[in-house]
Amino acid sequence: MRIATWNINGIKARIDNLTNWLSNEKPDIVCLQEIKSVDEAFPRDKIEELGYHVETHGQKGFNGVALISAKSPDEISRGLPGDDDDIQARFIEGVYAVKGGVIRIASIYLPNGNPVDSEKYPYKLKWMARLAGHAEERLALEEPLILAGDYNVIPRPSDCHDPAAWAGDALFLPQTRAAFCKLLNLGLYDAVSGMNDTSGQYTFWDYQAGAWQKNNGIRIDHMLMSAEAADRIDSVSIHKNTRSWEKPSDHVPVVCEINYDWA
DNA sequence: ATGGCTCATACGATGAGA
């Protein structure tokens, strides 16, 4: 089974890129972030034409996540538990029947958190604590679990081109990295860096200032997995070439080959 | 370079992103 995550940066602006990529790569399940669309306006027809099932959790203007799958999920839940007042659409979770059981997959768009002296940074840290609480609950199920998405966290200095430039940024502050470590310490496996030498490997390049041409990138799109899922990984790769396409997203897909088959 | 570009909203700036 091929499972992917991609911050698409606007589904309406990126639908042709996405359908081309789906046709070429034929992933089984794709976690999308930043669809920037309400559910009703999501161009689901063009994805369904390729034989996929679509589940969205959108909002007006920004944020928004989705799950695309070759087969329908058994269950879908929208929104990260833990704060009924949080209306930002940043989390959707699906359960899919596979041979021998189920696989549970969440598409995650973790808050950016900048500027750090605003209310946005405490919101980020609180969201990360809520995610840890939810992950702990799900890990207790002892299922294959994949939490994939745009974490807006640079885990280590080698995950960015210019660490000094990120020193005071919400993506790289010690507290942010500590909160990410806390997630891992629950027993989640960091599949991208675990399966690859990720030093200098990035998943995001800014549109500005020739960042792509200079390879001035950061690695902030991650796949965290329970042991049940991690035990079956064959490979994980970063689809860097999509960043050179016409009208690219500023993020590229991360793809995992995992030894599960549809039920 | 003091965020240099892009998206969505809505039809001209502005907020948001990282």
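A note on names: the letters A, B, ... follow the listed sequences, proteins ahead of strands, and every chain is numbered from 1.
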Within this structure, what is the [atom1]-to-[atom2] distance between [X] and [N], rounded to whole angstrom?
{"X": "A/N7", "N": "B/dA16", "atom1": "CG", "atom2": "P", "answer": "17 Å"}
{"X": "A/D221", "N": "B/dG17", "atom1": "CG", "atom2": "P", "answer": "15 Å"}
{"X": "A/D206", "N": "B/dC5", "atom1": "CG", "atom2": "P", "answer": "10 Å"}
{"X": "A/Q33", "N": "B/dA16", "atom1": "CD", "atom2": "C1'", "answer": "17 Å"}
{"X": "A/K214", "N": "B/dC5", "atom1": "NZ", "atom2": "P", "answer": "11 Å"}
{"X": "A/N63", "N": "B/dG17", "atom1": "CG", "atom2": "C1'", "answer": "10 Å"}
{"X": "A/D169", "N": "B/dG17", "atom1": "CG", "atom2": "C1'", "answer": "11 Å"}
{"X": "A/W166", "N": "B/dG17", "atom1": "CH2", "atom2": "C1'", "answer": "10 Å"}

Flag this pair as yes if the NZ/CZ of [X] is under 6.0 angstrom from the six-membered ring centre of [Y] and inside a 45 degree cone about the axis; otherwise no.
{"X": "A/R177", "Y": "A/F172", "value": "yes"}
{"X": "A/R90", "Y": "A/Y109", "value": "yes"}
{"X": "A/R104", "Y": "A/Y96", "value": "no"}

[atom1] atom, [N] versus [M]: distance in rounded Å?
{"N": "B/dG17", "M": "B/dG12", "atom1": "P", "answer": "26 Å"}
{"N": "B/dT9", "M": "B/dG4", "atom1": "P", "answer": "23 Å"}
{"N": "B/dA10", "M": "B/dA16", "atom1": "P", "answer": "14 Å"}

task: Give me the residues of residues 112-128 of chain A where at least one heavy atom lies under 4.0 Å from an atom of DNA chain B, by number, or none.
output: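 Correct list: A/N112, A/K120.
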- request: Measure up the A/H239 and A/W21 rings against each other and bin them: parallel (under 30°), tilted (30 to 60°), perpendicular (over 60°).
  value: perpendicular
Reckon [X] touches a base, only the sugar-phosphate, or nothing at all at heavy-atom distances under 4.0 Å?
{"X": "A/D150", "value": "sugar-phosphate"}
{"X": "A/N152", "value": "sugar-phosphate"}
{"X": "A/R90", "value": "sugar-phosphate"}
{"X": "A/F172", "value": "nothing"}

query: Are more than 12 heavy atoms from other residues, nucleotides or ligands located less than 6.0 Å from atom CG of A/D84?
result: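 No, the 6.0 Å shell around CG holds no more than 12 heavy atoms from other groups.
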- prompt: Shared ILVMFWY cluster between A/I258 and A/W262, side chains joined below 4.5 angstrom?
  reply: yes
field: Earlier contact from the 5' end, DNA chain B, for A/A209 and A/Q88
entry: A/A209
query: Base, backbone or nothing for each nucleotide of nucleotides 6-14 of chain B, written B, S, -, heavy atoms under 4.0 angstrom, 5' to 3'?
result: SBSSS----
- request: Identify the heavy atoms of A/V192 and A/D221 that sit nearest to each other, and give their distance.
  value: CG2-O, 4.3 Å
message: Applying salt bridge (charged side-chain N to carboxylate O under 4.0 Å, His left out) to A/R130 and A/D86, what does each step give before you reach the verdict?
response: CA-CA 11 Å; A/R130 283 166 59 201; A/D86 183 6; 2.7 Å; yes
message: Within the 4.5 Å heavy-atom criterion, are A/D28 and A/Y52 side-chain neighbours or not?
response: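 Of all side-chain heavy-atom pairs linking A/Y52 with A/D28, none is under 4.5 Å.
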task: Tell me, with the steps shown, if A/E143 and A/R138 meet salt bridge (charged side-chain N to carboxylate O under 4.0 Å, His left out).
output: CA-CA 8 Å; A/E143 292 170 344; A/R138 291 310 193 215; over 6 Å; no
